[in-house]
Structures are given as structure tokens and as C-alpha cells.
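One structure is given below, encoded as C-alpha cells.
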Number of protein chains: 4
Amino acid sequence: MPASRSKSRTDAERNRARVLEVARELFAELGDQVQMAEVAKAADVGIGTVYRHFPTRQALVEAAAQHRFAEILDFARERCLAAPDPGVGLDLLLTGIGEVLAKDRGLSGAIESAMGSAEPSGDSRTALEGLAGTLLDRGRAAGSVRDDATVTDVYMIVCGLAAVIRTGSGDWRRFVRLALDALRPGRPSSPTG
Amino acid sequence: MPASRSKSRTDAERNRARVLEVARELFAELGDQVQMAEVAKAADVGIGTVYRHFPTRQALVEAAAQHRFAEILDFARERCLAAPDPGVGLDLLLTGIGEVLAKDRGLSGAIESAMGSAEPSGDSRTALEGLAGTLLDRGRAAGSVRDDATVTDVYMIVCGLAAVIRTGSGDWRRFVRLALDALRPGRPSSPTG
Amino acid sequence: MPASRSKSRTDAERNRARVLEVARELFAELGDQVQMAEVAKAADVGIGTVYRHFPTRQALVEAAAQHRFAEILDFARERCLAAPDPGVGLDLLLTGIGEVLAKDRGLSGAIESAMGSAEPSGDSRTALEGLAGTLLDRGRAAGSVRDDATVTDVYMIVCGLAAVIRTGSGDWRRFVRLALDALRPGRPSSPTG
Amino acid sequence: MPASRSKSRTDAERNRARVLEVARELFAELGDQVQMAEVAKAADVGIGTVYRHFPTRQALVEAAAQHRFAEILDFARERCLAAPDPGVGLDLLLTGIGEVLAKDRGLSGAIESAMGSAEPSGDSRTALEGLAGTLLDRGRAAGSVRDDATVTDVYMIVCGLAAVIRTGSGDWRRFVRLALDALRPGRPSSPTG
DNA sequence: GATGAATGAGCATTCATTCAT
DNA sequence: CATGAATGAATGCTCATTCAT
């Protein structure tokens with residue numbers, strides 16, 4: 001019965017997608033301390049199903065964050081790459097990220113860790129890499145970005161931004177502006193560098 | 001006989017101090033999810049004693065972080081204020097903080113939250129305030145710090161720094177250098193500012 | 001396959017029932033300070049299972065008491081309503097209750113509180129209400145119960161009876177007899193009434 | 001130094017009295033779940049002092065209840081024995097007890113247990129015994145109390161009354177009236193007696 | 001594949017009681 | 001005698017994960 005087989009596969013996919021979607025919503029609303037059972041219930045599946053698709057709580061959190069971050073980047077890509085002035089690309093990127101993080105209580109934590117140790121496949125760092133690289137290159141060419149800027153700088157800045165937003169330690173838009181200034185060409189980085 | 005009285009009090013103080021010290025070590029080593037029982041055991045006191053001095057797990061975590069952060073600042077104060085060149089003060093401060101955070105896995109999280117919502121008394125933000133303010137003033141006077149820099153900027157930077165270190169998203173010394181560049185006078189903050 | 005579904009449900013029901021049964025036994029034997037872990041162990045289930053069915057210790061205590069009290073009333077109902085002489089109905093009821101309470105150390109406390117503030121649904125007071133009302137009516141008709149007797153009088157008497165039995169302050173059968181005399185028609189209640 | 005000796009003794013007495021007084025107040029206000037440390041603090045003594053005078057929590061609870069109950073009885077004695085009509089003596093006694101219990105959240109429990117197992121010396125049952133005996137005798141002589149009434153009947157009634165008040169299972173004044181009716185001479189106690 | 005009942009280690013916190021000073 | 005810091009067993013409850021159906 002290939003039909004039933006493929007039907008099941010489709011159902012399974014649907015379940016996975018629904019779980020992921022629900023998880024993203026709950027994490028956004030309640031932060032990442034949401035319980036697995038809550039996710040299952042909200043997705044209207046059994047808790048076992050959640051575990052079938054995401055072997056671990058951590059896996060679900062990461063998958064949700066990854067998915068969300070990919071969304072962010074897709075959106076940012078459109079705006080940034082379409083920007084006439086390459087100088088504003090990074091601004092748009094960081095501001096875009098900030099806006100999403102500011103609305104999503106659970107996301108910041110996940111993004112911060114995602115900026116950390118790179119995992120084998122499909123991770124958020126990698127997703128960011130291409131876009132950030134392009135923007136840095138363009139900025140450099142346009143003279144609006146310092147020569148020694150790297151994507152890792154952007155990782156760190158995004159990580160810091162997420163923390164600033166999560167803890168509310170200040171106005172994150174100011175933080176973004178400071179970060180852009182830091183990446184601008186000017187006098188060389190401090191002499192100790 | 002105040003002696004006998006003060007002897008007990010002294011012992012209690014000693015216990016409190018030992019608990020705090022042990023807690024700091026454990027938090028540094030294992031992160032801040034260490035259990036109260038572990039702390040008690042490591043401090044060689046009953047768990048009740050821990051609770052006598054710190055009514056809540058959270059209270060202990062905060063006290064430990066506060067204590068540690070105070071240490072950092074004391075040390076930083078010496079070096080920073082003694083620095084002949086006011087331009088290096090902030091560098092010394094941030095680098096000093098970074099070095100401690102880099103050694104203390106559990107501290108970063110605590111510092112990050114401390115940079116968030118200010119609490120009434122004795123909090124880490126306040127501790128940082130005086131020193132950061134002084135350094136910013138001096139730097140401004142010496143022309144090495146931009147005019148619009150505020151202590152809140154420093155809070156955000158420290159918060160970001162802690163996150164960068166905690167997650168290992170890049171070379172934190174580079175992050176510090178970028179931050180210093182951001183605080184340097186130069187072209188005005190981005191036009192949107 | 002509703003069978004497999006209902007099999008699980010049946011098992012769960014069985015577990016719930018076993019927990020309740022074990023709880024009743026332990027409460028009867030040891031009083032209602034029995035720990036949740038003891039109940040779980042005696043029921044041979046994990047402690048989580050106990051909590052799945054009874055979200056709170058208090059919930060378990062109440063459920064156990066309710067269940068027991070319902071048993072009492074079922075039994076009493078048979079005997080009381082079947083009694084040829086309506087005059088002995090209340091006697092059978094109170095004596096029946098007393099006999100069970102006398103055997104069950106943990107039950108008295110629960111019954112006493114159940115006689116207090118009425119809760120929305122399924123509570124012991126309500127369970128008692130119908131039977132007591134019927135018996136009072138019959139007794140009144142037969143001239144063996146005073147006109148102004150109410151079910152609340154019975155609540156209070158049951159509550160007092162439970163306390164007498166729990167504390168062993170005297171021969172509870174005597175207390176029942178006194179209570180019956182109090183409910184008998186005779187000279188009017190004290191003039192202040 | 002006999003002076004210092006006797007001075008200490010006096011102080012100790014004072015402490016004991018203060019602890020007892022404070023305990024009665026706290027039990028009345030908060031119920032008998034008050035902690036030993038609270039009592040010590042409110043009495044402005046060390047917790048060790050509380051334990052010196054009352055070796056056990058239970059001992060303190062009982063002592064407090066005893067003391068309170070003695071007060072009640074002293075007061076009741078005045079009124080009851082002074083009553084011109086012996087028929088109202090018991091009424092005054094039970095109503096007096098009820099009024100105090102109704103005001104004192106922590107007392108009921110203690111009184112109930114006091115009505116239980118008689119302890120060697122100075123207990124509440126004994127305190128009640130003389131007065132209740134006298135009132136029963138007078139009532140019997142006056143024909144307002146049934147011949148077979150005993151002080152144990154009164155113990156049970158007081159115990160029941162305390163439970164009724166504690167749980168709020170009904171109007172305790174009604175309970176008192178029912179109790180008095182039960183003790184009145186009339187048709188013989190139920191035939192099973 | 002899906003379900004959800006069961007699991008049970010883990011955890012923060014309480015409080016009567018002891019005992020060195 | 002008074003003190004109060006120390007004790008630590010006890011307790012109610014949580015939740016990620018497993019597995020029989």
C-alpha cells in the first residue's frame with residue numbers, strides 16, 4: 001500500500017511542522033521554559049509524537065530558533081540586498097534582527113547559543129554567514145566598513161545584541177548604532193590590537 | 001561577656017563567608033545550576049545553614065555574583081584609576097571584566113541579568129556606575145571618548161561581553177576592541193541616531 | 001482500534017483506583033499525615049503517577065475521604081431506608097458512620113473538614129444531605145424527630161462525632177445516643193432559641 | 001550569691017510566663033501551626049529559652065491551651081456558680097466556652113485533644129471536671145438535668161463543640177442548645193442504651 | 001507512526017530540636 | 001540560665017523522557 005505509506009509520511013511531516021510552529025509561538029510568548037507537554041497539547045498531538053520528531057527538548061528549542069532565525073534572515077536578505085546604498089545594509093540587518101528578538105522572549109537565548117559553537121549542519125551561524133559576508137564586502141567596497149571586519153565580528157555583535165534585548169540592559173537600538181560605529185572605518189582598532 | 005557573644009557571631013560570619021566562597025567556586029566551575037545541597041556539602045555545613053544566610057537559591061546566586069563582581073571592580077578600580085593615560089582606563093576595565101568572566105562559567109549569566117533591571121540596593125549595576133562614570137568623564141576630557149557616551153552604554157557592552165564569553169561566539173578581546181572603537185569620538189553616530 | 005485505546009485508559013483507571021484504595025488504607029492506619037511517596041510505594045507505582053491522578057496531596061486526602069464517606073453512606077442508605085421503623089433510621093445512620101470512623105484513624109479529620117465549608121461539587125456534605133433529609137422527614141412524620149431539626153444539625157453532629165472518636169474523649173455510642181435524644185421532640189429547645 | 005540565684009529564678013519565671021502569654025496570643029491569632037522560632041521572637045527570648053521551659057512543641061501547645069482553658073473556666077465558674085437558677089448553669093458554661101473558642105482559632109484543636117487522653121497532672125479535663133460535676137449535680141437536683149448525665153458527657157460535648165466551631169459546620173449556638181436538650185431529663189435514652 | 005500513562009531522580013525549601021558558647 | 005547558629009531529615013512537587021499498546 002504505497003498510498004497509505006505516503007499518506008503516513010505526509011501526516012508525519014505535517015505533525016512535525018505543526019509541532020515546530022506551535023513551539024515557536026510558545027517560546028516566543030512564554031520564553032524557552034515551556035514544557036514539552038505544553039507544546040504537545042498546543043500542537044494537538046501526543047507527547048510521544050513530539051519526541052519522535054525532536055529527540056530532545058534541546059533539539060526542539062534549537063530547531064525552533066533555527067527556523068525563526070532563518071525567517072529573519074530571509075526577510076533581512078530581501079531588504080538588505082535591495083538597499084540601494086550598501087552602507088545601510090548592516091544597519092538593516094542588525095535592526096531587523098533586533099526587532100524580531102525584541103518581540104520574541106524565547107528567541108534571544110536560543111540565538112545567543114546559536115552564535116556559539118557551530119554545529120555540523122543547518123545552523124543559524126551558517127545561515128547568517130552568507131548574508132553578513134556579502135554585506136561586509138559591499139560595505140568595505142563602499143568604504144563604509146572597516147577592512148578588518150569579519151563575519152565573526154557580526155556573530156559576536158548579534159550575540160551581544162540578543163543579550164542586551166533579553167536582559168533589557170539598555171536601549172538596544174543604541175547598541176546597534178554603537179556596533180555600526182565600531183565596524184566603520186576610522187582610526188585603527190586600538191593599538192593593542 | 002561580649003566575647004562569647006561575638007565569638008558565635010564571628011563563627012556565623014565565617015560560615016556565611018565560607019558558603020559564599022564555595023558557592024562562587026562551584027558556580028564558576030559548574031555554572032549556576034548548582035544545587036543548594038551541593039553547596040552545603042562543599043562548604044561542609046548543613047543545608048539549613050545555607051538557607052539561614054541566603055533565604056533562597058536565587059539570593060545565593062545573586063550574592064555570589066555580586067561579591068564576585070565587586071571583586072572585579074575593586075581590582076579594576078585600582079588599575080584603571082592608577083592608569084596614567086585616561087585613554088586606557090576603559091580598556092583596562094573591560095579587559096579586566098572579560099578576564100574574570102572568561103574564567104568563571106557561572107558568572108556571566110549573573111552579570112548579564114545584573115545589567116538588566118536595576119534593583120534597589122547593592123546591585124552590580126550600581127557598583128559599576130561610579131567607576132564607569134569616572135572613566136567616561138576622564139576619557140571625554142582627554143578626547144578619547146565620544147561626548148554622547150553614557151554609563152548605560154557601558155552596561156550594554158558589559159552585558160554583551162558576558163554573553164559573547166559565555167557562548168564563545170568569538171574572540172572576546174576583539175569584542176572589547178570593537179566596543180572601545182565604538183565609544184571613541186569620530187564621525188557622529190549613524191544618521192538615524 | 002478503540003480496544004487498545006481503552007486498554008490504556010483502563011489501566012490508568014486501575015492505577016487511579018489502586019492509589020485511592022491504598023491511600024484510604026494508609027490514611028486509616030496512620031492518619032492523614034502519610035506522605036505521598038509512601039502512598040506511591042504501597043500502590044507500587046511511581047510518585048509521578050500519584051500526582052497525575054491527584055494533583056495535590058490535599059486532593060488525594062479529600063478524594064480518599066470522599067470515597068470512604070460515599071461508601072459509608074451507600075451502606076447506611078441500604079440499612080436506613082430499609083428499616084421498617086423510621087424512628088431508628090437516624091440511629092442507624094449515625095451509628096454506621098461512627099463505626100467506620102472508629103476504624104479509620106485518618107478519616108475523622110477529613111470528615112470534620114468536609115462538614116465545614118461546602119465545596120462546589122461532589123462533596124461529602126452533599127452526599128449526606130439527601131439521606132439525612134429523608135430520614136429527618138420520615139422521623140418527623142413518625143413523631144420521632146423534632147420539627148425544627150435540619151440537615152445542618154446533622155452536619156454538626158457528625159462533625160462532633162468525628163472529633164469525639166478521633167480524640168477518644170469518651171464513648172462515642174453514648175454521644176450518638178445523646179445526639180438522638182437531642183433531635184427527639186420534647187420540650188421546646190431552650191427558651192433562648 | 002543567693003541574691004543572683006534568686007534573681008535568676010525570678011527571671012526564668014518571668015521568661016516562662018512571657019513565652020506562655022505570647023504563645024497563647026499567637027496560637028489564638030494564627031492557629032497552632034505557629035513556629036517555635038516565631039514564639040521565641042515575639043517573646044523576645046532566644047529559642048533555646050522556649051525549649052528550656054517547654055521541652056517540646058507539643059508541650060508548649062498544651063500548656064498554652066491549658067492556661068487558656070483555665071481562664072475560661074475561672075470566668076465560667078464565676079458566672080455559673082453565681083447563677084440563681086441552676087438550670088442555666090450548663091448553658092452558661094457551654095456558651096462561655098463556645099464564645100472563647102469562636103474567637104481563638106488555635107484553641108479549638110488543643111481543647112479537642114485535651115478532652116481526649118487524660119494526662120497525669122494539671123490537664124484541662126481535670127480543670128473542667130469540678131465545675132461540670134457541680135453543675136450537673138445542681139441540675140439533677142433541680143430536675144433540669146437527666147440522672148445519667150456524667151462529666152464525660154460534658155467532655156464529649158465540649159470536644160464536639162470545639163470541632164463544630166473550628167470547622168464552621170454550622171451555628172455553634174444551635175449545637176449548644178441541642179446539647180443542653182440532650183442532657184435534659186425526658187424519655188429515657190434510646191432503648192439500645 | 002502515534003499515543004499518553006508511567007516513571008522517578010531531582011529540587012528548593014521548612015522547621016523542630018540540639019548544643020557549644 | 002540564656003542564646004541562636006547549626007542541623008538535616010522530611011516533604012510536596014516538577015518534568016524530561018521512555019515504552020507498552
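Letters go in sequence order (proteins before strands), and every chain restarts at 1.
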Enumerate donor-acceptor pairs with a distance under 3.5 Å from any side-chain N or O in residues 18-27 of chain A to protein atoms, sequence neighbours excluded.
unit_1  : atom_1 : unit_2  : atom_2 : d
A/Arg18 : NE     : A/Ala43 : O      : 2.9
A/Arg18 : NH2    : A/Asn15 : OD1    : 3.3
A/Arg24 : NE     : A/His67 : ND1    : 3.3
A/Arg24 : NH1    : A/His67 : ND1    : 3.4
A/Arg24 : NH1    : A/Glu71 : OE2    : 3.2

Length of the CZ-C1' vector between B/Arg16 and F/dG4, whole Å | 17 Å
Rounded to whole angstrom units, what separation is found between the CG atom of C/Asp11 and the P atom of E/dT3?
-> 19 Å
Taking atom P of F/dG8 as reference, at what distance in whole Å does atom CD of B/Glu38 sit?
-> 18 Å
Report the distance from atom CZ of B/Arg57 to atom P of E/dC11, rounded to the nearest whole Å.
-> 9 Å
Given atom CD of B/Gln33 and atom P of E/dA12, what is their separation to the nearest angstrom?
-> 10 Å
To the nearest Å, how far apart are D/Phe54 CZ and E/dC15 P?
-> 21 Å
Among all residues two or more places apart in sequence or in another chain, which pass the side chain to side chain donor-acceptor pair (under 3.5 Å) test with C/Arg68?
-> C/Asp104
Taking only side-chain nitrogens and oxygens of B/Asn15, does any of them come within less than 4.0 Å of OP1 or OP2 of F/dA5?
-> no
Within less than 4.0 Å of OP1 or OP2 of E/dA6, is there a side-chain N or O belonging to C/His53?
-> yes
Using whole Å, report how far CE of A/Met36 lies from P of E/dA5.
-> 17 Å
Interatomic distance, D/Glu112 atom CD to C/Thr167 atom OG1 [nearest 0.5 angstrom] = 7.0 Å
Using a 4.5 Å cut-off on heavy atoms from C-beta on, say whether the side chain of A/Glu38 contacts that of A/Lys41.
-> no
Atom CD of B/Gln35 and atom P of E/dA9 are separated, to the nearest Å, by 14 Å
Close residues, residues 42-51 of chain A, relative to DNA chain F [heavy-atom separation under 4.0 Å] | A/Ile47, A/Tyr51
side-chain hydrogen bond (donor to acceptor under 3.5 Å, both in side chains) contacts in which one or both residues fall within residues 43-58 of chain B, not counting sequence neighbours = B/Gln58-B/Glu62
Output the distance between atom CZ (A/Phe54) and atom CE (A/Met36), rounded to the nearest 0.5 Å.
-> 8.5 Å
Between atom SG of D/Cys159 and atom CE of D/Met115, what is the distance when rounded to the nearest 0.5 Å?
-> 8.0 Å
If you round to the nearest 0.5 Å, how far is CZ of C/Arg16 from CG of C/Asp11?
-> 15.5 Å
Interatomic distance, CZ@A/Arg166 vs OG@A/Ser108, rounded to 0.5 Å, equals 7.0 Å
Stems of at least 3 consecutive Watson-Crick or G-U wobble pairs (donor-acceptor distances under 3.5 Å) involving DNA chain E, listed by first number, are E:2-21 with F:2-21
Where the side chain of D/Arg52 is concerned, which of F/dC1, E/dC15, E/dA12 is the nearest nucleotide?
-> F/dC1
